[in-house]
Amino acid sequence: MLEKAYDPKATEDHIYKMWEQSGAFKPESCDPKGEPFTISMPPPNATGQLHLGHAVMLALEDIFIRFARMQGKRVLWVPGTDHASIATEAVVIRKIQKEEKIADPRKTLGREKLVMRIKQFVEESRSTIRNQVRKMGASCDWSRERYTMDPALARTTTEVFVDMYKKGVIYRGFRMVNWDPKLQTTLSDDEVVYETRSEPFYTFQYGPFQISTSRPETKFGDKYVVMHPKDARYKKYKHGDTFEAEWINGPVRATVIKDEAIDMEFGTGVMTITPWHDHTDFEIAGRHGLEKEQVIGFDGKLLEIAGEFSGMKIEEARPLIVEKLEKKGLLVSMVQAQEHNVAISSRGGGLLEPQIKLQWFIDVNKEVVPWPSPLPVRQAGLALLPKGEGKRLMSLKQILHSVVHHKDIEIIPERFEKTYFHWIDHLRDWCISRQIWWGHRIPAWYRGSEMYVGVTPPEGDGWEQDSDTLDTWYGVSQWTWSTLVDPEKAKDSKLSLEQILEQSPDFQTFHPTAVMETGYDILFFWVARMILMTTYATGQIPFKTVYLHGLIRTRDGRKMSKSDPDTMIDPLDMIAKYGADALRLSMIVGQSPGADSRLYEEKIAGYRNFINKLWNASRFVLLQCEQAKIDPQSIEKLPEAALLSLADQAALHASEILVEEVTKGLESYDLSATGEKLYSFVWDFFCDWYLELSKGTANCAVLVHVLRRVLRLLHPYCPFVTEELWSSVRPKAAGALISERWPTTKQERRNQKAFDDLQRVIDIISTIRRLRAEQNVEAGKKVSVFLFSKKCAELLLSQAEHIKRLAHLEVLSIDAKSGQQKNSASAFLSDIEVHLSLEGLFDPAKLKESLSREQADLTKYVQIQTTKLSNKNFVDRAPKELVKGEKAKLAEAKEKLGKIGERLRQL
RNA sequence: GGGCAAUUAGCUCAGCUGGUUAGAGCGCCACAUUGACAUUGUGGAGGUCACAAGUUCGAAUCUUGUAUUGCCCACCA
């Protein structure tokens, strides 16, 4: 017999081990004819601990996977980890600085040694993560675990780089980049965060003009003033005019530029430009072919051009520069506390400095990728593609747009498609080089002015490899397919990438993947980039569905952050305390895709209670079997329907409906509502009514049968407890629940009438209970039931035992012919139900209250009638005699409806 | 500045294309309790569904507007 309470600690680990050892996680143990179903696990960063975000991701994906597996699909879930270049390098450097007191580990250790250290660190945290993923119950195929730095993945990353370079999609050039002086690297646009700060805003005299700035320290090299061509105030100045201006370090010769990028409303409508340190200025300079000069060094200090200020940090120099200009009489005004946004590094937290640097970029607008384009696409910023069949050359941007627009890829929730399109419209070339050491090194070599790009190093002496590495997202954007590449084939340098893919059975079978499940916060970083890289490299979409989950927040809606340990909920603590199943449910139910949700311990405890309830319900079933001396495992067939009690038939019916609903819910990725349905079925129906009604008259075969169904249906949500219970109630021949088949519905087990009748009995019992409580009736008191319908009378009589036990009242007399209570409402219904009252307590008001249910039925009846006629759907749904397109009849019908509405109100 | 969303019970949230008396969990109140389960059962209190106008026989649900909150993107020299 089972223990009195479910103990997840004593159960989960050995169950996981059993699954893993049985090979159930591998697609090879699925039906070889099954439809392939793949998920690539978003690789957690190899920087340490699993957090709630990962836990949600694992829970969701495990539900998808287990459901698909039970449906007989060939399921593959590929686990892995990400080397997370910048994040990991930063963590390790900080660690070394702290633990070994080395101020600058990069300098002291050098590239090779530092990379070794990072590798060691990554190994340790990878194994930590592996165990944590197991704790969540994730049924992924560990034999196919991948890591973004695996040789095979390094190969594909490099191959694709070289290919893109050869096609001109990757180029190297001087461009404006987001430079992080603290981490000494560039960042992609998406790695920049903006912070609103209040800083003084200065206006200076510059020749005949007044110009405003919040960054006087960049102004040393300014020798162009820009204004809008239509600005009437500056009509007398022509494009190209020059003038002398007294400036910070003496007189400069400046040129007038007219450009439409200027906002006439802002400030004086004139500005000087600093093309080297500002995105807009860079573009203006580009348009007019202006000179660019660097003012601030990559270390964040002023360069020689700053004269006496050179070598100073910006914060020191700024007030001094202003002071000097003021002394020269050039300061016109200064507004304290002007609000503006400053660019901050999301990686290191320091201020970013726009800089011009020689970097590697992906051109998102070059039309070089063959892609099937069956339909014309016209969207903001994209050209209309000609109609036609077959493939045509498209730019990466166009492909990104097309695959979502044409629903090759579906995003859940749908509204994120808008966000996605909006992002594409503003997408600029992607800077993929990073000046850090940890990561895939850029496969380019230089010798003097020569450059070589290739998978293998060039022949000959004197070549030096580019010291930069690739943006993490570049490599990991190939994740869905590079993880399916056969590592042995990838070793063979004679094979081309195309041949490797052709000869990798996993890729051929399991790609494109079915679902990509991840947080909406990395839709741009990663999801979009996966589409970009994968369509380019393989000619396939990476996944068919994108399911985006929201952030998990604290009870009061704050973000959980490491800096505030009180707000953090550690998934492992919660598993230790409440079990993985409870944690999973608490994160899934009540969480709708794309929306943030809040998590707190009481919630998890609530689901722990549910798990325990299920456990005890199973205990009860087993107990009944034991008492009846029946071995639950030997139960196979159900008795004839005619031999079953009302409750048994109703329970079978309800479980059939449940199978249908849960299947539909899971297929449409509606996990929250489906979870709730299961919860309420188990607790509110199975435990509260069916098991109660079974006491004394238990039919073990039906009990076991329904319980087995519930366990199967619940297994994707709470795999551990269901698997454990399964071992007690499964049919002898069956194996582990994880590999069991999803239940199918059987029409012959449907019995809507039995279900309705039971519902009626439940209603009656509830009403009696309520009346008893309100009137404070002692147990054993009699109840009289007045009926309008003979059928109901029979029903009540047949359930008298249950009413006696559950409502503590005896059904004494049935008066099948007391029609005197008829009211106007009853004219609508042919089969009016039950009234009841308590003997000696007959109170017309109470009676009326108990009648309200019938009125509700009546209202429903009428309302269903009116729905059919509601004008919006009139033509579709109205009864035939009312349609025929005749307006008079429509008006008549509407009038009828008005009357019905009126009567309803009277009721 | 552009976009996306949210506002329902004390708290956390459901409520699909308009249709029974607006639901659940937690919390609260009362009662119960000796064989599935105190990680329990039964009953109850608690909501002018942010506000206003409109469409409709009928609106939490649709339309428009207002207010508040949150997020994303762009970025102001």
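Heavy atoms only: backbone and side chains are in, while hydrogens, waters and symmetry mates are out. So that the names make sense, note that chain A is the first sequence line, chain B the second, and so on, each numbered from 1. For clarity, every value in this text was computed on a predicted model and none was experimentally measured.
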Residue [X], side-chain heavy atoms: nucleotide from [options] that is nearest:
X	options	answer
A:Arg428	B:C75, B:C37, B:A14	B:C75
A:His426	B:C71, B:U40, B:C73	B:C73
A:Glu602	B:G2, B:A77, B:C26	B:C26
A:Phe524	B:C73, B:C76, B:A5	B:C73
A:Arg608	B:U39, B:A5, B:C37	B:U39
A:Thr419	B:A77, B:C72, B:C37	B:C72
A:Arg553	B:C71, B:C72, B:A77	B:C71
A:Tyr520	B:C37, B:C71, B:A36	B:C71

Under 3.5 Å for both donor-acceptor distances, Watson-Crick or wobble: does [N] have a partner, and if so which one?
N	result
B:G46	none
B:G65	B:C51
B:C26	B:G10
B:U39	none
B:C57	B:G19
B:G70	B:C4

[N] to [M] separation - [atom1] atoms, rounded to the nearest Å:
N	M	atom1	result
B:G15	B:U61	P	15 Å
B:G23	B:C4	P	33 Å
B:A22	B:A9	P	14 Å
B:G18	B:G58	P	15 Å
B:C57	B:G44	P	37 Å
B:G47	B:U12	C1'	16 Å
B:U8	B:A50	C1'	10 Å
B:U63	B:A5	P	11 Å

Nearest whole Å is fine: how far is [N] [atom2] from [X] [atom1]?
X	N	atom1	atom2	value
A:Tyr420	B:G3	OH	C1'	17 Å
A:Asp596	B:C13	CG	C1'	13 Å
A:Tyr607	B:A24	OH	P	14 Å
A:Asn616	B:U39	CG	C1'	9 Å
A:His422	B:C71	NE2	P	18 Å
A:Leu427	B:G2	CG	P	22 Å
A:Leu548	B:C72	CG	P	14 Å
A:Asp425	B:C72	CG	C1'	15 Å

Looking only at heavy atoms, which two atoms of [X] and [Y] are closest? And how far apart?
X	Y	answer
A:Pro275	A:Lys292	CB-CG, 3.7 Å
A:Ile273	A:Asp281	CA-OD2, 3.4 Å
A:Asp259	A:His288	OD2-NE2, 2.7 Å
A:Ile314	A:Glu353	CD1-OE1, 3.5 Å

Inset, instruction - Check each of A:Arg555, A:Lys577, A:Arg608 against A:Glu601 using the salt bridge (Lys or Arg N to Asp or Glu O under 4.0 Å) test, and report the only one that passes. - result: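 Answer to the salt bridge (Lys or Arg N to Asp or Glu O under 4.0 Å) test with A:Glu601 among A:Arg555, A:Lys577, A:Arg608: A:Lys577.
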Legend entry - Member of A:Lys559, A:Arg553, A:Arg558 meeting the salt bridge (Lys or Arg N to Asp or Glu O under 4.0 Å) criterion with A:Asp596: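 The option that passes is A:Arg553.
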Just N and O in the side chain of [X]: are any of them under 4.0 Å from OP1 or OP2 of [N]?
X	N	answer
A:Lys559	B:C71	no
A:Lys4	B:U39	no
A:Asn609	B:U40	yes
A:Ser592	B:A14	yes

Contact class for [X] vs. all strands (heavy atom < 4.0 Å): base, sugar-phosphate, or nothing?
X	answer
A:Lys664	nothing
A:Gln627	base
A:Ile262	base
A:Ser618	nothing
A:Asp521	nothing
A:Asp278	sugar-phosphate

Legend entry - Along RNA chain B (nearest heavy atom to each residue), the more 5'-positioned of A:Glu692 and A:Phe610: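 Result: A:Glu692.
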Legend entry - Residue whose closest nucleotide on RNA chain B lies nearer the 5' end, A:Asn612 versus A:Ser212: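 Whichever sits nearer the 5' end wins; that is A:Asn612.
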Inset, instruction - Could you tell me whether A:Lys603 sits above the aromatic face of A:Tyr600, with NZ or CZ closer than 6.0 angstrom to the six-membered ring centre and within 45 degrees of the axis? - result: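 Cation-pi check for A:Lys603 and A:Tyr600: passes.
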Inset, instruction - Quick one: sort the A:Tyr202 and A:Phe204 rings into parallel, tilted or perpendicular, breaks at 30° and 60°. - result: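 A:Tyr202 vs A:Phe204 ring planes: parallel.
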Inset, instruction - For residues 675-687 of chain A, pull every pair meeting side-chain hydrogen bond (donor to acceptor under 3.5 Å, both in side chains), keeping only residues two or more places apart or in separate chains. - result: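 As it turns out, there is no side-chain hydrogen bond (donor to acceptor under 3.5 Å, both in side chains) pair with a partner in residues 675-687 of chain A once direct neighbours are skipped.
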Inset, instruction - Measure from the side-chain N and O atoms of A:Gln205 to the backbone N and O of A:Gly207, and report whether any donor-acceptor pair falls under 3.5 Å. - result: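 Yes, A:Gln205 side chain to A:Gly207 backbone: donor-acceptor pair under 3.5 Å.
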Legend entry - Exam field: side chain A:Trp615 to backbone A:Glu3, donor-acceptor pair closer than 3.5 Å: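 Answer holds: yes.
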Legend entry - Separation of A:Met587 CE from A:His549 NE2 (nearest 0.5 Å):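 Taking NE2 in A:His549 and CE in A:Met587, the distance rounds to 9.5 Å.
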Mind listing the N/O atom pairs, protein and nucleotides 10-12 of chain B, below 3.5 Å?
{"unit_1": "B:U12", "atom_1": "OP1", "unit_2": "A:Arg598", "atom_2": "NH1", "d": "3.1"}
{"unit_1": "B:U12", "atom_1": "O4'", "unit_2": "A:Tyr600", "atom_2": "OH", "d": "3.1"}
{"unit_1": "B:U12", "atom_1": "O2'", "unit_2": "A:Lys603", "atom_2": "NZ", "d": "3.4"}

Inset, instruction - Decide yes or no for A:Ser618 and A:Leu707: does some side-chain heavy atom of the first lie under 4.5 Å from some side-chain heavy atom of the second? - result: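 SC-SC contact between A:Ser618 and A:Leu707 confirmed.
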Inset, instruction - Return the residues of residues 679-687 of chain A meeting this criterion: a heavy atom under 4.0 Å from some atom of RNA chain B. Order them by number, or give none. - result: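 Here the set is A:Tyr679, A:Trp683, A:Cys687.
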Legend entry - Test item: side-chain donor near acceptor, A:Thr274 and A:Asp222, under 3.5 Å: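 There is such a pair (donor and acceptor under 3.5 Å, judged by atom type) between the side chains of A:Thr274 and A:Asp222.
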